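The first residue in the sequence is number 1, and the count goes up from there. In this text, all values refer to a predicted model and were calculated from it rather than measured experimentally. For ligands, and for the atoms within them, numbers begin at 1 and follow the listed sequence.
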Amino acid sequence: MTTLRTAGRTDVGQLRENNEDVIVTSDRLALVADGMGGHPGGEIAAEVVAGVVPAAFTGQSVAELEAAVRAANWAIRDRALTQTGLEGMGTTVCAAGLLATGHVALVNVGDSRAYLFHEGSLNQLTRDHSLTAELIERGELQEDEAAQHPYYGILTRALGVGSDVEIDRTTLALAEGDRIVICSDGLFNELSSQEIENAMAEGGDASAIVDTLIDGAIDHGGRDNISIVVAEVAA
Ligand SMILES: [Mn+2]
């Protein structure tokens, strides 16, 4: 019986007063939700995702994980309709779930990311759904300039903002020693992918890697909430 071995941490960072990121670490699911900033409901929207998705995902299929995220979208909208001041609240979600087949299902909405660390190198598995990501894809903006751009942080997709949501999904077969890294933008805006790769390459305990990365992001300024979950498939 395979399980997902997960280690994760979320940190408020150096500048923000609230932590609107929420993580899930279980033997079946690794998830990061980054509540939309500047909105009182951001944290609540992220918490709804962390409640609904683990309850609805049983490891059946990537379609089931996608349906769980869709259910979270409805739950956020329901909550926003019934509570004053929460209209328009939203969140990102990036989640990896272990399937009964031993494969890993991956879903993504917004600008939280999943990376695969395989044989010493780190590769981004997800596409960011943001205006700056679109500018980068069109060659009009450099990756390392995104966080300083006036459009930075404006999402083109998020949970909670519409009655339906387009969800990116894929299924992965992990090799022995592979690790998945799921994180909020508070990590990759402070640390380059090379710095994240270096920390992963040092190896060792996943929770020690998580601590190294969070500490690194704080040292670089910690301008946003920082969340990271490292996951691997264990026999
Ligand atoms: Mn963030």
Assess the side chains of D168 and H129: does a donor N or O sit below 3.5 Å from an acceptor N or O? yes
Check against salt bridge (Lys or Arg N to Asp or Glu O under 4.0 Å), D111 and R113: CA-CA 6 Å; D111 68 350; R113 286 184 185 170; over 6 Å; no
Answer yes or no: is there a donor N or O on one side and an acceptor on the other, between the side chain of E197 and the main chain of L122, under 3.5 Å? yes
Quick check: does any side chain N or O of T6 sit under 3.5 Å from a backbone N or O of S26, one acting as donor and the other as acceptor? yes
State whether the side chain of E195 and the backbone N or O of S192 hold a donor-acceptor pair below 3.5 Å, judged by distance alone. yes
Quick one: name the protein N/O/S atoms under 2.8 Å from the Mn ion (ligand 1), chain by chain. D34 OD2, D185 OD1, D224 OD2
Quick one: does any side-chain atom of T126 pair with a main-chain N or O of A114 as donor and acceptor, under 3.5 Å? yes
